[in-house]
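Only a predicted model underlies this, so the values are computations on that prediction, with no experimental measurement involved.
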Amino acid sequence: MNTHAKPSKLIKGATGDWEIVVGMEIHAQVSSNSKLFSGASTEFGGDPNAHVSLVDAAMPGMLPVINRECVAQAIRTGLGLKAQINTRSVFDRKNYFYPDLPQGYQISQYKSPIVGEGEVIVDVTATEQITVGVERLHLEQDAGKSLHDQSPTESFVDLNRSGVALMEIVSRPDIRSADEARAYVTKLRTILRYLGTCDGDMEKGSLRADVNVSVRRPGEPLGTRCEIKNVNSIRFIGQAVEVEARRQIGILEDGGKINQETRLFDPGKGETRSMRSKEEAHDYRYFPDPDLLPLEFEQSWVDELASHLPELPDAKKARFMKDYGLASYDAGVLVMERASADYYEKVAKGRDAKAAANWVINELFGRLNKEGKSIETSPVSADQLGGIVDLISEGVISGKIAKDLFEIVWSEGGDPRALVEQRGMKQVTDTGAIEAAVDAIIAANPDKVAQAQAKPTMLGWFVGQVMKQTGGKANPQAVNDVLKSKLGI
Amino acid sequence: MSVDQANVRRIAHLARIAVKDDEVPHLEQELNAMLSFVEELSAVNVDGVEPMTSVIPMKMKMREDVVTDHAGPQVIVRNAPTSEDNFFMVPKVVE
């Protein structure tokens, strides 16, 4: 697919408009107990070289044996990307030297990957959707980790990550802006987390991106690209695209040429810079790994895995819009995380689904974000929030009091209905009490009464006064009605 | 197919083998002798023949996803020329 950016996506240069073209290689660590070709643990952290088998350390005579679950995870991911699953694929050796790669080669898949073409539907904004093509997904080994800051003369190597299974997911160059790049990775991460095939934890390096960026005049052929290696947060991915595109435009507008090269994004300085050392290493001399037979499996296994896939975010979003009458944007926000979607469905069950969505998105998510908490650690359970929504819909409390109640449940816990009783938060719908309050205020403020009769928008002031006097518990509609009749407006 | 001296230097560099200048002509000859020996194979017509991956028709064995290997860090670094705190130590490599 070679789509063109909308005019709003173009970048203005000194000599006219430019279009950004981005393709991405995402490295997603497969969720599994043991490594791709060895029985060592994949657990994150741990003491140096504690989760390393002799296979991972490439001791002579060791042979790789593939982990069935890692293969299943790759198939599930391929299915989630609506991609072609190849029942026959081949492992190759990708040869290069680095101290954290003890074999001297990475076992990867080159010509015959396990997963072929697929796609990801990406919501860029509330109203804009794009489709990003997936070229392929292949299985490969992760490398170890080098620490360079422990000694002035030596690097320290820890092989705990060496041999952990990765899925490299290669997109088509279908991305046209930093926003689209961010949205693509966000969506891919959501899909992986729904599938349970990668935890998507970018802080732990479970998801890393190599970002290919080029620029061109609208309508022209693709420009020369640069690859920005190993960007490890969604925010940085956006920044790296922006900064690299600007750099390339600057060079081209000054009459220069882009050299195809590998670059590194420095978030501190907000710039990308060349990794010259990587350049000549690009001759990987791939060849089929003689230690491994081709990876072959039956279509029936694929069908079996497909039958157990969870409902994926796109399907869930469509269902939320249809069954709960939610707007596309709200449904999109709710399905971003499976746990959030499950929480919402619990709150919405048997209740006003739109009110439930408002409470989950505006009050709960807002509060969780503010406190840096996740839905899993929410102090307010779905049952508690549902209880608050019930109290509003029954007219027991007003929307305003409900926010106070939410605060109490958030910080102190407890059953919302019992709290309303104990703390006298019930809404006053008794017209007698409201009338008494209204009469008192009218009697005390004859000047305001005159003003309100001349200018009915003054009614708001009276409403405020009544609310104040009733501790916010008066039913707003009842207050309005009483005021209007007493003031004769 | 044959290699020239530039190829020899490149191959040596990719394999991280230090080759002195005066060794290059000799290695060039050696590699070309091997290549011409293997070259005989190209006389065979292999159109439409799948590359053979195993002498007997068998499928790759798979293992279950369980942790079975706890070599232990001391075992892993035992042969390392230098190690500290169970890390391998290598001459500094910095990007």
Under 4.5 Å from any heavy atom of chain B - which part of Ala40(A): both
Asp283(A) side chain reached by Arg10(B) side chain, heavy atoms, under 4.5 Å: yes
Side-chain heavy-atom pair Met62(B), Val65(A) within 4.5 angstrom cut-off: no
Contact winner vs chain B - Asn160(A), Asp158(A), Asn49(A), heavy-atom pairs under 4.5 Å: Asn49(A)
Chain A contact residues among residues 69-90 of chain B, heavy-atom distance under 4.5 Å: Asp69(B), Ala71(B), Gly72(B), Pro73(B), Val75(B), Ile76(B), Val77(B), Thr82(B), Glu84(B), Asp85(B), Asn86(B), Phe87(B), Phe88(B), Met89(B), Val90(B)
Residue part contacting chain B, namely of Pro152(A), when any heavy atom lies under 4.5 Å: backbone
Contacts of Leu41(B) that satisfy side-chain contact (heavy atoms from CB on, under 4.5 Å) - sequence neighbours left out: Val38(B)
Asn33(A) side chain near Val66(B) side chain, heavy-atom distance below 4.5 Å: no
Neighbour count above 12 (heavy atom, 6.0 Å) for Glu298(A) CD: no
Residues, nucleotides or ligands: over 12 heavy atoms within 6.0 Å of Tyr286(A) OH: yes
Close side-chain approach of Phe91(A) and Met60(B), heavy atoms under 4.5 Å: yes
More than 12 heavy atoms of other groups within 6.0 Å of Lys94(A) NZ: yes
Contact class of Pro294(A) relative to chain B, heavy atoms under 4.5 angstrom: both
Choice from Ser146(A), Ser32(A), Ser151(A), Ser34(A) maximising heavy atom contacts with chain B below 4.5 Å: Ser34(A)
Can you give me every donor-acceptor pair (side chain of residues 42-51 of chain B, partner residue at least two apart or in another chain, under 3.5 Å) with its distance?
from, atom 1, to, atom 2, distance (Å)
Ser42(B), OG, Glu39(B), O, 2.5
Ser42(B), OG, Glu39(B), OE2, 3.4
Asn45(B), OD1, Asp47(B), N, 2.9

Residue part contacting chain B, namely of Arg88(A), when any heavy atom lies under 4.5 Å: side chain
Residue pair Asp65(B) / Arg68(A), side-chain heavy-atom distance below 4.5 Å: no
Pick from Cys70(A), Gly104(A), Ser38(A) with the largest number of heavy-atom pairs that fall under 4.5 Å of chain B: Ser38(A)
SB check Glu69(A) Arg63(B) (cutoff 4.0 Å): no
Side-chain heavy-atom pair Leu293(A), Lys59(B) within 4.5 angstrom cut-off: no
Test side-chain contact (heavy atoms from CB on, under 4.5 Å) applied to Ala58(A) - qualifying residues, sequence neighbours left out: Pro102(A), Gln103(A)
Donor-acceptor pair, side chain of Lys92(B) and main chain of His148(A), under 3.5 angstrom: yes
